[in-house]
Number of protein chains: 2
Amino acid sequence: MTRQHDRRKVTLKDVAAQVGVSHTTVSNAYIRPGQLSAALRERILAAAQELGYTGPDPAAKQLATGRAGALGFLFSEDLPYAFSDPAILSVLNGVAKSCDDLETDLALISAGSNLRNRAAPVSLGNAAVDGYILYSVAPDSRCVLMAQQRNVPLVVVDQPRLSGVPYVGIDDRDSARRAAKTLLDLGHRHFGILSLKTAHDGYSGPLTAMRRANIAHSTIAMRLEGYLLALKEAGIAPEDVPTWEIPINSEEMGAEAVRHLLKQPRRPTAILAMSDRVAIGAMGAIRSLGLRVPKDVSIFGFDDIPAAQTHDLSTIRQPHERKGSEAVRLLGAGNGGENVILETELVLRGSIGTPA
Amino acid sequence: MTRQHDRRKVTLKDVAAQVGVSHTTVSNAYIRPGQLSAALRERILAAAQELGYTGPDPAAKQLATGRAGALGFLFSEDLPYAFSDPAILSVLNGVAKSCDDLETDLALISAGSNLRNRAAPVSLGNAAVDGYILYSVAPDSRCVLMAQQRNVPLVVVDQPRLSGVPYVGIDDRDSARRAAKTLLDLGHRHFGILSLKTAHDGYSGPLTAMRRANIAHSTIAMRLEGYLLALKEAGIAPEDVPTWEIPINSEEMGAEAVRHLLKQPRRPTAILAMSDRVAIGAMGAIRSLGLRVPKDVSIFGFDDIPAAQTHDLSTIRQPHERKGSEAVRLLGAGNGGENVILETELVLRGSIGTPA
DNA sequence: TTGTACGCGTTATCAA
DNA sequence: TTGATAACGCGTACAA
């Protein structure tokens with residue numbers, strides 16, 4: 001244990017002693033360069049360099065100022081899974097850019113893997129942050145409570161709606177409804193829905209009535225509602241719409257699930273998918289079954305991730321990056337319950353057409 | 001600015017006053033439950049709850065103990081790009097798991113986007129961490145210097161080799177050599193190489209002699225060396241091996257690059273790709289050109305990401321997760337310059353065969 | 001089992 | 001322009 005890091009930490013005081021000034025002056029040299037003569041500042045900085053002083057200690061600075069200069073981004077998924085989702089990445093990108101502008105650090109905190117091992121992620125309570133962005137966290141997650149207890153500003157993106165906490169999201173129900181309506185207008189009458197997970201139990205299969213009544217994620221619930229609402233308005237009963245639930249938002253899962261949907265007695269001519277990844281996976285499976293898109297089966301995604309364009313997939317465009325930047329803005333704004341509902345956009349591409 | 005968070009912070013002292021004990025006792029209630037009667041501890045915790053005390057302040061605790069309870073993971077790419085790379089994700093997963101075991105937080109720090117806007121990422125200097133893992137950072141990056149200046153333990157994964165700093169990596173040269181040798185043994189004589197970026201200038205095109213002489217990433221240099229070494233041993237001169245450099249590790253880039261390689265006067269029968277993503281993209285392009293894999297063109301990847309298996313791609317398996325966990329271990333071990341070179345494994349699948 | 005006193009490294013206030 | 005002094009909130013010998 002003879003590593004260099006063990007040598008007693010060099011502090012402001014050491015530098016001050018070396019130069020022969022008070023530690024306050026040294027502090028000013030860093031914080032308020034205008035408050036002292038340039039010559040003295042030079043001498044101080046030179047001495048600091050010589051002594052190996054690398055600037056104010058973060059912890060001490062934070063204790064003195066009361067600000068951490070960082071912000072926490074909390075999501076409930078595992079790291080690897082979360083980062084395989086282009087949608088999360090876009091949001092994160094928006095957050096990162098805004099943080100950059102604000103000269104603020106960004107701490108990524110995954111509640112997913114932690115929750116399994118411990119009662120609560122240490123990160124949440126310990127992290128030196130001035131505020132949290134909760135991204136698509138399950139409402140019943142312990143994280144929500146913990147984050148609130150931290151007594152720092154909070155902003156929620158997508159999930160869950162918390163009273164008194166600013167919210168950034170989209171109108172999921174209306175967006176889903178417009179997607180369904182588009183297919184209805186093309187003349188489709190036989191639908192299938194690919195739903196994202198309604199609970200955290202890894203279930204894969206038909207979305208039962210019981211499960212439908214207990215959807216943990218409000219965005220999922222809203223999208224489903226939007227789809228079914230449009231169909232109902234067109235005289236199609238929810239019971240007649242085969243719906244398959246997928247535990248993981250991936251292409252593979254989408255491919256597998258759509259096969260079940262296409263096995264229905266009345267094969268759907270239109271598929272409503274709750275994400276582009278699922279839709280893209282489904283498109284591949286549809287084609288490998290010898291069916292054509294959109295001739296035999298039309299398909300509609302959700303998100304408008306980059307891959308949607310290359311796959312010519314019709315979808316709902318979400319302003320992912322803006323979700324992130326708005327979240328940071330609200331965190332800084334510090335007002336109580338302002339909500340931001342961002343506009344979505346219907347993106348029509350070659351994956352939809354009139355039924356055969 | 002009338003948010004609840006403005007109310008003066010509740011401290012140990014407040015709780016102590018409420019209960020009528022000293023602040024030390026309250027501290028013990030949290031840190032050393034055994035040091036006081038269960039009954040008193042209950043009373044203290046109850047009072048804390050009532051007062052809204054959420055546990056010791058992270059900054060103050062860190063200042064007093066000298067430990068942050070967190071570790072920084074530094075990479076030089078942009079967040080969205082980094083997280084689209086399955087290899088990074090696996091490493092990160094290994095790190096995350098180890099952190100979890102150690103009850104340590106994990107701060108992800110991207111130097112990429114920051115470096116563009118500022119002289120240096122604030123994160124690096126500010127982050128409240130007890131040590132840094134530098135993951136595949138360019139040797140000439142300012143981050144390297146900054147991280148060293150922070151005067152906390154460092155561990156490097158993959159890049160760059162720093163004297164006195166523990167290193168975790170693989171034998172890139174030997175791994176690449178084995179890949180090339182495998183193809184040589186199958187009888188191939190005409191090769192093409194798909195190289196990852198040798199500099200940060202976004203260059204895409206033939207790897208010129210000038211660029212070859214100034215490769216910024218040692219892993220890239222080593223892999224190239226390994227390939228060419230094997231070929232040279234078989235009597236094939238480096239000049240006769242068309243090599244295409246790709247600025248971004250993505251399927252799209254691999255697809256585009258391989259087209260140039262296949263346009264060579266002597267079409268290569270074997271392609272050596274420095275990553276699976278590039279190889280997988282290339283496979284698609286090869287097939288869309290009407291060529292068969294491996295009948296017309298054999299291809300060898302690097303990494304063994306999950307997709308390699310589904311694409312039946314021969315590759316070099318890297319123990320990505322172990323890279324992460326070893327890095328954390330070395331950080332904790334705290335010894336000076338111990339290096340860990342992990343074993344790779346030749347994974348032979350259907351993407352290679354004898355030349356036509 | 002509980003309390004006193006001090007130190008951690010910095011910033012902020014105010015006086016010189 | 002510079003410096004003394006007091007927080008900031010907590011951990012921890014050591015004493016009681």
**Asked** Quick one: salt bridge (Lys or Arg N to Asp or Glu O under 4.0 Å) partners of R322(B), sequence neighbours excluded?
**Response** E326(B)
**Item:** Within residues 136-164 of chain A or reaching into it, pairs that qualify as ring pair (Phe, Tyr, Trp, His ring centres under 6.0 Å) - sequence neighbours excluded
**Value:** none
**Prompt:** Which pair of non-hydrogen atoms, one from A107(A) and one from V129(A), has the smallest distance, and what is that distance?
**Reply:** CB-CG1, 4.3 Å
**Message:** If I take atom CG in residue D57(B) and atom C1' in nucleotide dG9(D), what distance separates them, rounded to the nearest angstrom?
**Reply:** 6 Å
**Request:** With sequence neighbours excluded, tell me which residues meet side chain to side chain donor-acceptor pair (under 3.5 Å) with T219(A).
**Result:** Q159(A)
**Prompt:** When all nucleic acid strands are considered with a 4.0 Å heavy-atom cut-off, which category describes Q62(A): base, sugar-phosphate, or nothing?
**Reply:** nothing
**Message:** Rounded to whole Å, how long is the line connecting atom CD of Q35(A) with atom P of dT2(D)?
**Reply:** 10 Å
**Request:** Sequence neighbours left out, what passes side chain to side chain donor-acceptor pair (under 3.5 Å) with Q18(A)? Give chain and number order.
**Result:** none
**Complete:** In short, salt bridge (charged side-chain N to carboxylate O under 4.0 Å, His left out) pairs touching residues 43-58 of chain A with sequence neighbours left out are K9(A)-D57(A)
**Asked** Under 4.0 Å between a side-chain N or O of T25(B) and OP1 or OP2 of dG3(C)?
**Response** yes
**Request:** Please state how far atom CZ in R67(B) lies from atom P in dG7(C), giving the value in whole angstrom units.
**Result:** 21 Å
**Request:** Could you check how far CG of L63(B) sits from C1' of dG11(D), rounded to whole Å?
**Result:** 10 Å
**Request:** Would you mind reading off the bend of the helix from dT1(C)-dA16(D) to dA16(C)-dT1(D) from its two end axes, five pairs each, to 10 degrees?
**Result:** 30°
**Message:** Is the phosphate of dG9(C) approached by T11(A) (side-chain N or O, under 4.0 Å from OP1 or OP2)?
**Reply:** no
**salt bridge (charged side-chain N to carboxylate O under 4.0 Å, His left out) contacts touching residues 21-35 of chain A (sequence neighbours left out)** = none
**Prompt:** For residues 30-71 of chain A, which residue pairs qualify under ring pair (Phe, Tyr, Trp, His ring centres under 6.0 Å), counting only residues two or more places apart or in two chains?
**Reply:** Y30(A)-Y53(A)
**Item:** Summary of protein contacts for nucleotides 11-16 of chain C, nucleotide by nucleotide, where a base hit scores B, a sugar-phosphate-only hit scores S (4.0 Å, heavy atoms)
**Value:** BB----
**Asked** Is it true that a side-chain atom of D130(A) and a backbone atom of R67(A) form a donor plus acceptor pair closer than 3.5 Å?
**Response** no
**Fill in**
Separation of dT1(C) atom P from R41(B) atom CZ, nearest Å, is 13 Å
